[in-house]
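Heads up: the structure comes next, in structure tokens.
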2 protein chains.
Amino acid sequence: MQGHNISDIIEAYLKQILAESERVEIKRSEIAELFNCVPSQINYVIKTRFTIQRGYLVQSKRGGGGYIRIEKVKLLDDRDMLDTMIQLIGEQINQRDALVMVQKLYDDQVIERKEANLILAATSRDTLAVADHNLEARLRAHILVGILNHLRYERE
Amino acid sequence: MQGHNISDIIEAYLKQILAESERVEIKRSEIAELFNCVPSQINYVIKTRFTIQRGYLVQSKRGGGGYIRIEKVKLLDDRDMLDTMIQLIGEQINQRDALVMVQKLYDDQVIERKEANLILAATSRDTLAVADHNLEARLRAHILVGILNHLRYERE
DNA sequence: ATAATGATAGTCAATATTAGTCAAAGTTAA
DNA sequence: TTAACTTTGACTAATATTGACTATCATTAT
């Protein structure tokens, strides 16, 4: 999954630390130097890979002694997570973000592997086969929300 | 089948690697250069020779460090029935007929109860929420076919 | 206290680096 | 001859990288 470019490598590095600990705190410039990239690339990595959808909370401080802190967040229960996801989806969602959500549901054992794959099949671009991408994203959102709602009450 | 043209040769090259390994990961431009063809020919080869029907799964990423990954998947015994169903569905299907199909999948133990309910949720009129009934039926057909295609093989 | 300075991090848009799509043109085989 | 298949390239889309400019915070000087 990783290792094809610097962003992937930085992502892996941070996640390795997060596998041991609940949070990681870095100094942006140090990480940039460590991986031989510009500081703003760290922001790019965080923005694309440590989103709330994926279960991460990011805080930072500027100025002297500044830092970036990434924290794994834990939603209280499945119901809570499903509600949050439904909110996050809103009116449309692209395939990548949908994958992230399904992955999170699987990681947190809300759904099984086969169910996860069914959902991905149902919401893939190939399946929807709509020319207009905006419409496609809206449809995907509807289907995903429909499924999440179903999961929401099935578990009660 | 044999090396009558470049597409066949590229196909053979990739399949030779896949004979040793479960997956092959390429950089499109490199392969194109290796075989002295335009990059989009690689897409053509993949589209015509590495389909899910033949037991291959393809993933890719664009941008820096991009790649195309081809994976062999194990096709399951149920695939004849699934193929028949896919044919039966055609371009559109109503909710009642979809229910019949899902029921059959459950009866034949291709899917579990939870999975069946999930599929029904994904294809219900409420979820699809399109005004035009014809469009709704077409969309349902696409989703169902997408799901059936994914049931044809075993996932990691 | 307040202002100036230095040390951080954030934003955004330009550029770079890939892969995907599509249709026209060319080739082959029935 | 014609229908299917292959080749090609112009255009599009997605993702990554970079750097100039901005915002915020802590410390020091006035």
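Atoms considered below: every heavy atom in the structure, side chains included; atoms not considered: hydrogens, waters and symmetry mates. Each chain gets a letter, A, B and so on, in the order the sequences are listed, and its residues count up from 1.
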When the nearest nucleotide of DNA chain D is assigned to B/Gly65 and to A/Val38 on a heavy-atom basis, which residue is associated with the more 5' position?
B/Gly65
Name the residue closer to the 5' end of DNA chain D, choosing between A/Gly64 and B/Val45 according to the nucleotide with the nearest heavy atom.
B/Val45
It should be established whether B/Gln41 places a side-chain nitrogen or oxygen under 4.0 Å from OP1 or OP2 of nucleotide D/dT6.
no
Contact class for A/Gly63 (heavy atom, under 4.0 Å): base, sugar-phosphate, or nothing?
base
Atom-to-atom span, CZ of B/Arg69 to P of C/dA19 - whole angstrom:
13 Å
Please state whether the phosphate of D/dA16, meaning OP1 or OP2, lies under 4.0 angstrom from any side-chain nitrogen or oxygen of B/Lys61.
yes
Consider the side chain of B/Lys27, meaning its heavy atoms from C-beta on, and name the nucleotide among D/dT8, D/dA14, C/dT18 that approaches it most closely.
C/dT18
Does B/Leu76 share a hydrophobic cluster with B/Ile119, counting links as ILVMFWY side-chain heavy atoms below 4.5 Å and allowing steps through other members?
no
note: B/Ile42, atom CD1; D/dT8, atom P; distance rounded to Å ~ 11 Å
Nucleotide nearest A/Arg96 when distance is taken to its side chain, options C/dG10, C/dG20, D/dT15
D/dT15
Heavy atoms under 4.0 Å, any strand shown: does B/Tyr44 hit a base, just sugar-phosphate, or nothing?
base
With no hydrogens and no angle check, is any side-chain donor or acceptor of B/Arg79 less than 3.5 Å from a backbone partner on B/Arg152?
no
note: B/Glu33, atom CD; C/dA19, atom C1'; distance rounded to Å ~ 16 Å
If the cut-off is 4.0 Å, is A/Arg49 near the phosphate of D/dT15, judged by side-chain N/O to OP1 or OP2?
no
Identify every side-chain donor-acceptor pair in residues 53-60 of chain A under 3.5 Å, counting partners at least two apart or on other chains, and give the distances.
residue	atom	partner	partner atom	Å
A/Arg54	NH2	A/Thr48	O	3.4

Short side-chain N/O contact to C/dT18 OP1/OP2 from B/Ser60, under 4.0 Å
no
Any donor-acceptor pair under 3.5 Å between the side chain of B/Ser40 and the base of D/dG9?
yes
Before giving the answer on side chain to side chain contact (heavy atoms under 4.5 Å, CB included), spell out for B/Glu91 and B/Arg138 the whole-Å C-alpha distance, their side-chain angles and the decisive distance to 0.1 Å.
CA-CA 6 Å; B/Glu91 267 307 301; B/Arg138 290 223 313 279; 4.1 Å; yes
Going only through I, L, V, M, F, W and Y residues with side-chain contacts under 4.5 Å, is there a path from B/Tyr67 to B/Tyr44?
no
For atom NZ of A/Lys47 and atom C1' of C/dT11, their distance in whole Å
7 Å
Given the rule that I, L, V, M, F, W and Y join up when any side-chain heavy atoms are under 4.5 Å apart, are B/Tyr13 and B/Val38 in one cluster?
no
Counting only side-chain heavy atoms from C-beta out, which of C/dG20, D/dC5, D/dA16 sits nearest to A/Ser7?
D/dA16
Could you tell me the separation between the CZ atom of A/Arg28 and the C1' atom of D/dT22, rounded to a whole number of Å?
12 Å
Within the structure provided, determine whether B/Thr127 and A/Ile147 are in side-chain contact (heavy-atom separation under 4.5 Å).
no
Please state how far atom CG in A/Asn36 lies from atom P in D/dT17, giving the value in whole angstrom units.
12 Å
Separation of C/dT17 C1' from B/Arg62 CZ (nearest whole Å):
12 Å
Pick out the pairs of N or O atoms, protein on one side and nucleotides 27-30 of chain D on the other, that lie under 3.5 Å.
none

Grab the two heavy atoms, one from A/Glu136 and one from A/Leu128, that are nearest each other, plus how far apart they are.
O-CD1, 3.8 Å
Distance in angstrom units between B/Gln59 CD and D/dT15 C1', rounded:
16 Å
